[in-house]
**Student:** 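After the structure tokens below, expect a handful of questions from me.
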Amino acid sequence: MSARSELGATQLGLFDADELGWDDQFRTARRVALDEHSWVEHVPGWLRGSEQLFELLRREGDWEQRERWMINRQVTEPRLTAEYPDIADAPEALRGIAAALSRRYDRTYDGLWINLYRDPHDSTSWHADWPSCKREQCIVPVLSLGSPRRFLIRPRTGGASVRFTPASGDLIVMGGRAQKDWLHMVPKQARPAGPRISVNFKAGEQAVKDE
Ligand SMILES: O=C(O)CCC(=O)C(=O)O
């Protein structure tokens, strides 16, 4: 059920353009090869105005508490999620960001979902982004807003994980076969952490299998 009022939907478009900006050149991008076929690009400080965007999304996001099947039982996800399958319905501030990412990664990010990790006990467990990536190779950008949290990625077959700690305004972009051969997570942590929002971009063209 939508928590967003008509007024809220209107306010989502009212972001002071001077406060929000990003680096179209992706000058701080650092690409880490996970293996021969998969990579993660970390772009520190990519977005300017991330704290204001965090506050706006926290206040106005269409947040839902979701359930997830784990083997044979349904569990409540330890985070809140708001989904915008059509980018046209997403907060206006995010539409400009999606367009910038589309130019950079040469595909159309036409939908997104956002997650709110309310405290250090909120998390998401090992998974890959299915069904938003059904191709052999996908590029999935994730924008972090608010408190830094660990983001881990490890081979699907097991083994050591690679760790990133994206701060507010950082991008983590998973590419190549990272959704096929690797799993990622945001773990719970004992150390105190304030709330964090992640903005996950999806491209309809990646949600269909290769011919
Ligand atoms: O919050 C993140 O950084 C990642 C979220 C994620 O992997 C997901 O929602 O599928």
Side-chain angles (χ1 to χ4, degrees), residues 29-30 32 34 38-47 50-51 53-54 57-58 61-70 75-85 87 90-91 94 97-98 101 105 109-135 137-156 161-189 191 193-204 206-207:
R30 185 177 58 97
V32 176
L34 297 173
S38 308
W39 49 266
V40 169
E41 196 161 81
H42 182 197
V43 194
W46 181 72
L47 185 82
S50 64
E51 295 297 339
L53 182 57
F54 170 87
L57 295 178
R58 181 153 79 155
D62 209 359
W63 299 111
E64 295 179 327
Q65 175 67 73
R66 292 188 165 181
E67 308 280 315
R68 168 177 290 205
W69 280 98
M70 290 269 289
V75 293
T76 301
E77 285 190 355
R79 62 179 186 177
L80 302 180
T81 296
E83 185 134 20
Y84 301 92
I87 196 82
L94 296 180
I97 292 171
L101 294 170
Y105 296 108
Y109 292 105
D110 48 12
L112 59 87
W113 73 99
I114 56 181
N115 301 308
L116 172 60
Y117 302 87
R118 295 158 289 191
D119 58 37
H121 311 297
D122 273 359
S123 62
T124 186
S125 54
W126 291 116
H127 70 284
D129 293 328
W130 191 94
S132 64
C133 171
K134 294 200 181 117
R135 280 187 173 176
Q137 304 214 16
C138 292
I139 300 182
V140 179
V142 181
L143 174 64
S144 286
L145 307 170
S147 286
R149 290 287 300 267
R150 278 178 300 151
F151 177 98
L152 308 181
I153 184 161
R154 73 150 161 81
R156 200 177 269 272
S161 57
V162 181
R163 180 165 98 180
F164 299 87
T165 310
S168 195
D170 288 13
L171 273 177
I172 291 287
V173 184
M174 293 170 275
R177 291 182 56 87
Q179 305 300 331
K180 280 279 175 279
D181 300 344
W182 293 71
L183 299 171
H184 56 275
M185 78 181 305
V186 175
K188 296 181 195 307
Q189 65 180 52
R191 224 168 342 114
R196 165 181 185 258
I197 290 174
S198 68
V199 186
N200 304 254
F201 295 87
K202 57 184 184 182
Q206 298 187 143

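Counting convention: from 1, in listed order, for ligands and their atoms alike. Remember, it's a predicted structure, so these values are computed and weren't measured experimentally.
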**Student:** May I ask you to check whether Asn200 and Ser198 show a side-chain donor-acceptor distance below 3.5 Å?
**Tutor:**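 On atom types as modelled, these side chains qualify, holding a pair under 3.5 Å.
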**Student:** Atoms of ligand 1 less than 4.0 Å from Val186 heavy atoms?
**Tutor:**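 Here the atoms of ligand 1 in question are 1 (O), 2 (C), 3 (O).
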**Student:** Indicate, as side chain, backbone, both or neither, the part of Met185 found under 4.0 angstrom from ligand 1 when only non-hydrogen atoms are considered.
**Tutor:**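 Contact part for Met185 vs ligand 1: neither.
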**Student:** Show me which atoms of ligand 1 lie under 4.0 Å from any heavy atom of Asn200.
**Tutor:** 4 (C), 5 (C), 6 (C), 8 (C), 9 (O)
**Student:** Could you tell me the residue and atom name of the protein heavy atom closest to atom 3 (O) of ligand 1, and the distance to it rounded to 0.1 Å?
**Tutor:** Arg196 NH2, 2.8 Å
**Student:** Taking all non-hydrogen atoms of both residues into account, name the closest pair between Ala178 and Ser38 and its distance.
**Tutor:** N-OG, 3.4 Å
**Student:** For Arg79 and Thr124, which heavy atoms make the closest approach, and how far apart are they?
**Tutor:** NH1-CB, 3.5 Å
**Student:** Measure the distance from atom 10 (O) of ligand 1 to every protein heavy atom, then report the residue, atom name and distance (to 0.1 Å) of the closest one.
**Tutor:** His127 NE2, 2.8 Å
**Student:** Where's the contact between Asp129 and ligand 1, heavy-atom distance under 4.0 Å: side chain, backbone, both or neither?
**Tutor:**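 Under 4.0 Å from ligand 1, Asp129 contributes side-chain atoms alone.
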**Student:** Can you list the atoms of ligand 1 that are under 4.0 Å from a heavy atom of Tyr117?
**Tutor:**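 Listed by number with element: 1 (O), 2 (C), 4 (C), 5 (C).
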**Student:** Which of the numbered atoms in ligand 1 are below 4.0 angstrom from a heavy atom of Val142?
**Tutor:**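 Per the distance check, 3 (O).
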**Student:** Can you see whether Trp182 has Lys180 sitting over its ring - NZ or CZ less than 6.0 Å from the centre and within 45° of the normal?
**Tutor:**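 Cation-pi check for Lys180 and Trp182: fails.
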**Student:** Are Leu94 and Ile87 close enough that some pair of their side-chain heavy atoms sits under 4.5 Å apart?
**Tutor:**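 The answer is no, as the side chains (C-beta and beyond) never meet within the 4.5 Å cut-off.
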**Student:** Less than 4.0 Å is my threshold; does some heavy atom of Arg79 fall inside it relative to ligand 1?
**Tutor:** yes
**Student:** Applying side-chain contact (heavy atoms from CB on, under 4.5 Å) between Arg66 and each of Val75, Leu80, Thr81, report the one that passes.
**Tutor:**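 Answer after filtering Val75, Leu80, Thr81: Thr81.
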**Student:** Closest heavy-atom contact between Val140 and Gln179?
**Tutor:** CG2-NE2, 3.7 Å
